Protein chains: 2
Amino acid sequence: MSITAAREKFGVFLVRKGLRATSQRLAIFDAAFTLEEHFTADQLLDRARKLDDSVSRATIYRTLPIMTASALLREVDIGSGEKFYRPNRDGATTQVAQVVCVDCEKIFEISAPFMEWYSSTVSSKLGLTPASQRLQVSANCDVFRQSGACPRRG
Amino acid sequence: MSITAAREKFGVFLVRKGLRATSQRLAIFDAAFTLEEHFTADQLLDRARKLDDSVSRATIYRTLPIMTASALLREVDIGSGEKFYRPNRDGATTQVAQVVCVDCEKIFEISAPFMEWYSSTVSSKLGLTPASQRLQVSANCDVFRQSGACPRRG
DNA sequence: CTGCCTGCAAACTCTTTGCACGAAT
DNA sequence: ATTCGTGCAAAGAGTTTGCAGGCAG
């Protein structure tokens, strides 16, 4: 999805929910959607302020749930204290696993098509309806182990 | 594994690591191992204090990593702010998924034998060695949705 | 003018840490 | 003696919230 199309979709989402398309919200959206890697709330704040320096931390935290609700952003919780976010360019793909390299501090996203099947099978046996699922692999970098440095490390 | 056997194993683990088997550590261990459900650090503190009222919150937090390192306790992070823990009675089973009912606030543990296979397959393609993996399903309670109350809810 | 939205700063939750005292070897 | 472990209280990180003012419909 192009950023233009995504911004449009976000605008429509806001209107439908009776929310206003303020300059801050749009700046935050643009900042988020032009970031490639996973990013934190703090990184998003930096970026958004370059587009609109009136953006505050509070508004970042208030806007993030709106963007994830609109499915334009995906929340990725790797259990590290802070949450990560990522533009969801290709529609609603929940069938994605995260592989987190603890050496490189990098998050890879890998297709895991069986997740949804497992999720619904297992849930129905418990009398539950699945809402979401996440599969996360923590791993060490082979190169790092041997050479003490990781090529992918920022 | 019986609690006696587990306590023994914990004692051995401590000695091997050059750590002391203090009364606080043993009280915390007993408190943890006699809890059935998933529990939080805070719940563990309550329970441990009933066995030894000198146990402090700090020691709880210092002892939890020791117990998980000894594989007698498993950490379960469902991404809810606080971490949960659970006795690992049947050895080191990492091939377990959590199904979290957001209505009941209950955590079910279900076997997911394919996880480890997926984890190692995917990691090796990235030049990584898997350390751990977790699969978590969030779900809603069917009964709760219809009747507004969940039978499993505490 | 009414209500949504904002920035600021304080509050909040869970966890970690510095410190001085106490216990074990 | 020396090292390890402890409780206490303060700090810390990330996130949320109360409030008074601002801007849009």
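Below, chains carry the letters A, B, ... as their sequence lines are ordered, and counting in each starts from 1. Bear in mind the structure is a predicted one, so any value in this text is a computation, not a measurement. Note that these values count all heavy atoms, side chains included, but never hydrogens, waters or copies made by symmetry.
When the nucleotides dC8(D), dT6(C), dC5(C) are ranked by their closest atom to the side chain of Ser56(B), dC8(D) comes out on top. The side chain of Arg20(B) sits closest to dG5(D) out of dT15(C), dG5(D), dT15(D). Comparing dC14(C), dC8(D), dC5(C) against the side chain of Leu19(A) picks out dC5(C) as the nearest. Picking from dT6(D), dT15(C), dC8(D) the nucleotide with the shortest atom distance to the side chain of Gln24(B) gives dT6(D).
Nearest-nucleotide mapping onto DNA chain D: of Gly18(B) and Ala58(B), the residue sitting toward the 5' end is Gly18(B). For the pair Tyr61(B) and Thr63(A), nearest-nucleotide mapping onto DNA chain C gives the more 5' position to Thr63(A).
Here Arg25(A) reaches the OP1 or OP2 of dT6(C): one of its side-chain N or O atoms lies under 4.0 Å away. A sub-4.0 Å separation between OP1 or OP2 of dA24(C) and a side-chain N or O of Thr22(B) is absent. Between dG5(D) and Thr59(B), no contact under 4.0 Å exists linking OP1 or OP2 to a side-chain N or O.
Taking the six-membered ring for Trp, Tyr118(B) and Phe114(A) have ring centres closer than 6.0 Å.
Between Leu64(A) and Ala41(A), the shortest heavy-atom contact is CD1-CB, 4.0 Å.
One can place CZ of Arg62(B) at 11 Å from P of dC8(D), the figure rounded to the nearest angstrom. If you take CZ of Phe39(B) and C1' of dC14(C), they are 16 Å apart, rounded to a whole angstrom.
Using modelled atom types and a 3.5 Å distance limit, the side chains of Asp142(B) and Thr129(A) yield a donor-acceptor pair.
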